There are 4 protein chains.
Amino acid sequence: MPSDVAREPVAPRPHTGRRRNPAVREAVLKSAADLLAGPDGLTVSMDAIAQAAGVSKHTIYRWWPSKGAVLLEALVERAQQETSIPRTGTLATDVESFLVATFDAVERVAPLFRGLMAEALRDSKAAEGMREFVAARRQGLRALLTHGVEQGELPPETDLELMMDQIYGLMWYHLLITHTPLTEELAVHLARTLIRSAA
Amino acid sequence: MPSDVAREPVAPRPHTGRRRNPAVREAVLKSAADLLAGPDGLTVSMDAIAQAAGVSKHTIYRWWPSKGAVLLEALVERAQQETSIPRTGTLATDVESFLVATFDAVERVAPLFRGLMAEALRDSKAAEGMREFVAARRQGLRALLTHGVEQGELPPETDLELMMDQIYGLMWYHLLITHTPLTEELAVHLARTLIRSAA
Amino acid sequence: MPSDVAREPVAPRPHTGRRRNPAVREAVLKSAADLLAGPDGLTVSMDAIAQAAGVSKHTIYRWWPSKGAVLLEALVERAQQETSIPRTGTLATDVESFLVATFDAVERVAPLFRGLMAEALRDSKAAEGMREFVAARRQGLRALLTHGVEQGELPPETDLELMMDQIYGLMWYHLLITHTPLTEELAVHLARTLIRSAA
Amino acid sequence: MPSDVAREPVAPRPHTGRRRNPAVREAVLKSAADLLAGPDGLTVSMDAIAQAAGVSKHTIYRWWPSKGAVLLEALVERAQQETSIPRTGTLATDVESFLVATFDAVERVAPLFRGLMAEALRDSKAAEGMREFVAARRQGLRALLTHGVEQGELPPETDLELMMDQIYGLMWYHLLITHTPLTEELAVHLARTLIRSAA
DNA sequence: AGCTAATCGAGACGGTACGTCCAGTCTTCTA
DNA sequence: TAGAAGACTGGACGTACCGTCTCGATTAGCT
């Protein structure tokens with residue numbers, strides 16, 4: 001009724017029409033992640049995602065600008081099982097458990113990482129999104145290390161960025177190139193080696 | 001002499017028919033590399049390669065099983081400007097110059113690496129080929145480090161594989177994710193940090 | 001009325017989604033017919049049809065199973081300018097005008113007939129379709145002749161199928177082999193000869 | 001020596017070098033005919049013919065200008081089992097046995113006719129060759145009928161060309177369109193009908 | 001016996017078409 | 001207005017075939 005609208009000019013139109021169905025978002029992201037994890041994971045098509053989600057392709061494109069964006073969001077969603085930074089006491093144990101948790105989480109969504117990278121290499125938007133995601137993750141580790149420097153557990157001249165490059169570099173290297181699993185042993189070994197030699 | 005023939009019955013006829021035109025191979029690899037290095041490098045099509053090389057698609061598929069195989073060989077060819085391992089004296093300087101040379105060579109064909117990775121993520125054959133290429137490259141560095149252990153410049157318990165993972169991991173990380181250049185400074189810095197902390 | 005629906009449970013949902021664009025069908029058939037009629041009519045490619053129609057090849061293959069099917073339908077469409085059977089009075093004049101009309105119509109789309117035959121000889125589906133088309137056309141003449149027998153203008157023992165074989169055989173023979181035009185004179189001459197000798 | 005050439009301009013060079021291997025011709029024509037008669041008869045490739053004949057494609061193209069030419073010659077060769085025109089006495093019986101013999105011979109090489117027509121529709125050279133072949137065959141029947149006119153067995157005003165069009169037209173019609181066999185019954189029936197009504 | 005010239009098998013090659021597949025956009029109808 | 005169904009363009013995919021070409025081996029006649 002127009003008269004009603006006239007009477008409430010402050011919130012002119014809180015919403016008109018059918019609301020966005022939150023189930024759509026979930027279904028799409030779940031299907032994307034599942035398909036990516038399945039066989040033929042690196043060549044998931046939008047048609048396949050739409051079909052698996054019981055959603056029309058048009059609807060997907062209404063909410064995400066491209067396939068890369070869908071995959072990125074699917075990855076972010078899955079990786080949300082938060083790698084809560086521990087702060088148990090010493091830097092050595094903190095970094096160690098951070099890496100163990102990270103490797104474990106990443107390993108569980110490894111196909112998503114690979115699928116997203118495949119997309120990011122063709123679609124610069126997806127690449128940008130992935131960079132942001134990676135940078136955000138890096139921030140957690142950086143906080144940990146910076147704290148270590150402040151506590152005197154690491155010398156002040158330590159190049160934290162280089163250290164992080166080595167950590168995340170190794171991780172992606174296993175993920176994308178050698179395809180070897182990111183085990184707990186590897187995490188522990190890497191953490192100890194880095195901290196010991198830096199200290 | 002019939003007796004000779006009887007002695008060598010294995011190779012009755014080494015080759016018949018028109019020989020493979022070496023210009024084709026060169027033209028295809030050159031076109032592939034050039035297109036990969038150009039804009040839209042991540043989405044090079046076989047049609048484009050064929051057209052640029054002045055070669056029919058059929059001919060390409062006669063010699064290479066897939067697009068990935070062409071790109072891989074193009075990369076290998078370009079990377080052939082051999083990073084000759086120096087052995088100038090101390091391990092520290094040797095590793096340093098190895099990394100400087102490697103980073104420089106890789107940086108110059110960075111788009112090829114990215115394009116090939118894009119292919120490897122969809123085509124498992126290409127992925128396998130790339131793993132082989134990477135493993136071969138790793139061998140050079142491994143020889144250098146093993147020599148260092150033998151000379152007592154590195155303690156015998158040093159985990160060389162982990163060290164190489166950190167080096168090549170960082171390299172690919174910059175190449176694929178951050179897209180930051182692989183500078184000489186970075187190479188030197190990385191080499192010194194690793195050797196110092198291991199020694 | 002729900003009761004009506006209950007009585008007709010076969011069509012639960014008449015149609016969903018975007019409708020087939022009728023312009024596509026027309027454009028494809030028109031382009032196919034035009035290309036077939038042009039020079040190089042015997043070697044029309046799907047790419048050429050798609051390009052000429054401003055339609056993607058994919059869309060053509062969505063609606064027609066093969067090239068032969070497209071050409072067949074193009075021919076049927078063009079031949080639709082109906083050779084209405086006259087029934088002016090005597091059998092002699094009726095058959096005469098039928099043949100004149102048929103030859104005239106066929107002559108105008110002769111290249112389509114040839115192009116379709118070229119396809120039918122490679123594609124058994126197209127051959128089957130063409131046989132159906134030919135059989136349908138034959139029905140018109142059969143009705144005319146049967147009527148003539150009933151009216152006593154032809155003896156009851158006349159082999160109508162043989163007569164039609166001679167008529168259509170001659171037509172195709174000119175069309176495919178001698179490439180001589182199907183003139184009005186030929187039609188008249190053939191009609192008179194056949195009717196006179198049968199009567 | 002140029003002077004030698006100048007001295008003998010009439011028979012410059014009778015022959016030098018290796019002679020043409022007659023087995024090649026036979027093998028090619030046999031393979032072509034056999035493949036055409038087999039399944040997938042309408043889509044015989046030159047590669048297939050060459051392979052079946054144990055002959056290189058190059059050799060085929062040395063002696064025949066195109067695929068159509070090969071098929072044409074294969075047909076001519078196979079149809080050489082000569083339909084010797086009988087002249088047993090009356091026109092009626094002569095034409096009858098001519099048609100029976102012709103239909104029988106044609107039926108046995110029907111796939112060749114169809115394969116050649118497929119080629120003739122794309123290759124105007126092949127079409128021309130086929131027209132010549134058809135015209136030559138027609139000459140036999142024409143001689144028979146002309147003789148009948150001279151003997152008074154047919155009225156002088158009979159249109160022999162039209163009669164032949166009807167005969168050969170029907171034959172091709174069955175061959176190419178209806179794909180029904182050219183039986184002896186059909187030959188007899190056609191011959192009697194035509195002669196009776198013309199006389 | 002050696003030279004010369006043609007034949008031939010094997011197969012590489014360019015060009016062109018095939019029929020399939022996917023990303024992203026647009027259209028129609030239902031809720 | 002959200003959403004499902006699905007038509008549509010554009011462009012790449014890998015395969016097939018035609019007719020041409022190149023290579024080396026073979027063979028026949030002439031010197």
Side-chain angles (χ1 to χ4, degrees), chain A residues 15-21 23-24 43-51 53-68 119 122-123, chain B residues 13-21 23-24 43-51 53-63 65-67, chain C residues 13-21 23-24 43-48 50-51 54-63 65-67, chain D residues 13-21 23-24 43-48 50-51 53-68 122-123:
Chain A
H15 199 87
T16 311
R18 186 172 175 181
R19 301 306 146 76
R20 174 174 182 180
N21 182 357
V24 163
T43 53
V44 174
S45 73
M46 281 302 245
D47 288 273
I49 294 174
Q51 176 132 33
V55 149
S56 95
K57 260 205 300 177
H58 186 58
T59 301
I60 301 184
Y61 279 103
R62 188 196 306 276
W63 303 113
W64 290 273
S66 69
K67 188 165 83 155
E119 203 52 38
R122 333 219 145 201
D123 172 6
Chain B
R13 200 159 43 85
H15 192 87
T16 313
R18 181 177 181 175
R19 299 308 145 78
R20 175 174 181 180
N21 182 359
V24 163
T43 54
V44 175
S45 75
M46 282 301 242
D47 287 276
I49 294 174
Q51 177 130 32
V55 147
S56 93
K57 248 196 316 173
H58 186 60
T59 299
I60 302 184
Y61 280 106
R62 188 196 309 279
W63 301 114
S66 67
K67 189 165 73 158
Chain C
R13 197 162 45 83
H15 193 86
T16 314
R18 183 177 180 178
R19 298 308 147 77
R20 175 175 181 180
N21 182 359
V24 163
T43 54
V44 176
S45 75
M46 282 302 243
D47 288 275
Q51 176 132 33
V55 148
S56 93
K57 250 198 314 175
H58 187 59
T59 301
I60 302 185
Y61 280 104
R62 187 198 305 277
W63 301 114
S66 69
K67 187 165 75 155
Chain D
R13 196 165 45 81
H15 194 87
T16 313
R18 181 179 183 177
R19 297 309 147 74
R20 173 176 182 180
N21 181 359
V24 163
T43 53
V44 174
S45 74
M46 281 302 245
D47 288 272
Q51 177 131 31
V55 149
S56 93
K57 259 203 301 178
H58 187 59
T59 302
I60 301 184
Y61 279 103
R62 189 197 304 278
W63 301 114
W64 290 273
S66 69
K67 187 164 83 156
R122 331 219 148 200
D123 171 5

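Please read all numbers here as calculations on a predicted model, not as lab measurements. Hydrogens, waters and symmetry mates are skipped; everything else that's a heavy atom, side chains included, is used. Chain letters run A, B, ... following the sequence lines, proteins first, then strands; residues in each count from 1.
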query = Between D:T59 and B:T59, which is nearer to the 5' end of DNA chain E once each is assigned its nearest nucleotide?
reply = D:T59

task = Calculate, to the nearest 0.5 Å, the distance between atoms NZ and CE belonging to B:K57 and B:M46 respectively.
result = 8.0 Å

key: Atom pair distance, as rounded to whole Å: NE2 in B:H58 and C1' in E:dG15   = 11 Å

note = When rounded to whole Å, the CD1 to P distance for the pair A:I49 and E:dC22 reads 12 Å

query = Side-chain N or O of B:W63 less than 4.0 angstrom from OP1 or OP2 on E:dA12?
reply = no

request  = Starting from the 5' end of DNA chain E, give me the residue, D:N21 or C:P65, whose nearest nucleotide shows up first.
outcome  = D:N21

message = Is the phosphate of F:dG19 approached by D:W64 (side-chain N or O, under 4.0 Å from OP1 or OP2)?
response = no

query = Within this structure, what is the CD-to-P distance between B:Q51 and F:dC13, rounded to whole angstrom?
reply = 13 Å

message = Within the 4.5 Å heavy-atom criterion, are D:K67 and D:D123 side-chain neighbours or not?
response = no

key: Counterpart residues, side-chain contact (heavy atoms from CB on, under 4.5 Å), relative to B:A48 (two or more places apart)   = B:L35, B:S45

inquiry  = Please report the distance, rounded to the nearest Å, between NZ in A:K57 and P in F:dA2.
reply    = 20 Å

note = Applying side-chain contact (heavy atoms from CB on, under 4.5 Å) to B:T59 and not counting sequence neighbours gives B:V24, B:V55, B:S56, B:W63

request  = Would you mind telling me which of F:dC13, E:dA23, E:dA12 lies closest to the side-chain atoms of B:R18?
outcome  = E:dA12

inquiry  = F:dG6, OP1 or OP2 - any side-chain N/O from C:R19 closer than 4.0 Å?
reply    = no

Value in whole Å for how far the P atom of E:dA5 lies from CZ of D:R62 = 16 Å

note = The residue, C:V55 or D:V44, whose nearest nucleotide of DNA chain F is more 5′ is C:V55

query = Phosphate oxygens OP1/OP2 of E:dC18: is one of them under 4.0 Å from a side-chain N or O of C:K67?
reply = yes

inquiry  = Rounded to whole Å, how long is the line connecting atom OH of B:Y61 with atom P of E:dG11?
reply    = 23 Å

query = Starting at CD of A:E119 and ending at P of E:dC22, how long is that distance when rounded to a whole Å?
reply = 14 Å

inquiry  = Can you measure C:D47 atom CG to E:dG15 atom C1' for me and round it to whole angstrom units?
reply    = 13 Å

ask   = Has the side chain of B:S45 got a donor or acceptor that lies under 3.5 Å from a partner of the other kind on the base of F:dA12?
value = no

